[in-house]
*Asks:* 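Submitted below is the structure of interest, expressed as structure tokens.
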Amino acid sequence: MHIETRIRPIVYTDPSGHVAFFVSDPMKNSREALSLRVEGPDMETRDYKPDDLLPSGCSAARQVVQCAPIMDKETRALAVAFLRQSPKGPQL
């Protein structure tokens with residue numbers, strides 16, 4: 001049985017109603033456990049790893065870094081763990 005954990009808080013919400021939040025997959029090792037899930041109107045829900053490109057053309061890592069200034073401590077800790085999955089990418 002595959003169990004996925006949706007983690008709140010939300011990383012960002014844009015004006016068109018797209019929402020991004022972290023999800024955890026306990027079936028993967030801790031280095032690969034977090035993904036950034038983006039869902040919203042007129043798009044297929046998808047999970048992204050740090051190096052994946054979002055529909056906007058920005059990497060998931062870059063989007064998370066751009067949202068960091070408005071994150072609370074809990075979200076920022078998740079963001080740091082998410083970004084560590086790509087050591088050569090941007091970090092907080």
*Asks:* Look at the side chain of Glu74 and the backbone N and O of Asp72, then say whether any donor-acceptor pair between them is shorter than 3.5 Å.
*Replies:* no

*Asks:* Taking all non-hydrogen atoms of both residues, which atom of Ser35 and which atom of Lys49 are closest, and how far apart?
*Replies:* OG-NZ, 3.1 Å

*Asks:* May I have the step-by-step check of side-chain contact (heavy atoms from CB on, under 4.5 Å) for Leu34 and Val23, ending in yes or no?
*Replies:* CA-CA 6 Å; Leu34 286 174; Val23 292; over 6 Å; no

*Asks:* Which atom names give the shortest non-hydrogen contact between Ala33 and Gln85, and what distance separates them?
*Replies:* N-OE1, 3.6 Å

*Asks:* Are side-chain heavy atoms of Leu36 and Asp47 found at a separation under 4.5 Å?
*Replies:* no

*Asks:* I need the full list of ring-ring contact (aromatic ring centres under 6.0 Å, His included) pairs touching residues 61-92, with sequence neighbours left out, sorted by first then second residue.
*Replies:* Phe22-Phe82

*Asks:* Would Leu53 and Met43 show up in the same hydrophobic cluster when neighbours are defined by side-chain heavy atoms closer than 4.5 Å?
*Replies:* no

*Asks:* Any non-hydrogen side-chain atom of Arg37 less than 4.5 Å from a side-chain atom of Glu39?
*Replies:* yes

*Asks:* Please, which pairs that meet side-chain hydrogen bond (donor to acceptor under 3.5 Å, both in side chains) have at least one residue in residues 51-62, sequence neighbours excluded?
*Replies:* Asp51-Ser86

*Asks:* Using side-chain hydrogen bond (donor to acceptor under 3.5 Å, both in side chains) as the criterion, list what pairs up with Ser16, not counting sequence neighbours.
*Replies:* Asp14, His18

*Asks:* Measuring only between side-chain heavy atoms, which start at C-beta, is Gln63 closer than 4.5 Å to Val11?
*Replies:* no

*Asks:* I need the full list of ring-ring contact (aromatic ring centres under 6.0 Å, His included) pairs touching residues 38-74, with sequence neighbours left out, sorted by first then second residue.
*Replies:* none

*Asks:* Would a 4.5 Å heavy-atom cut-off, applied to side chains only, mark Val38 and Leu54 as touching?
*Replies:* yes

*Asks:* Name all pairs fulfilling the ring-ring contact (aromatic ring centres under 6.0 Å, His included) condition that reach into residues 51-73, sequence neighbours left out, sorted by first residue then second.
*Replies:* none

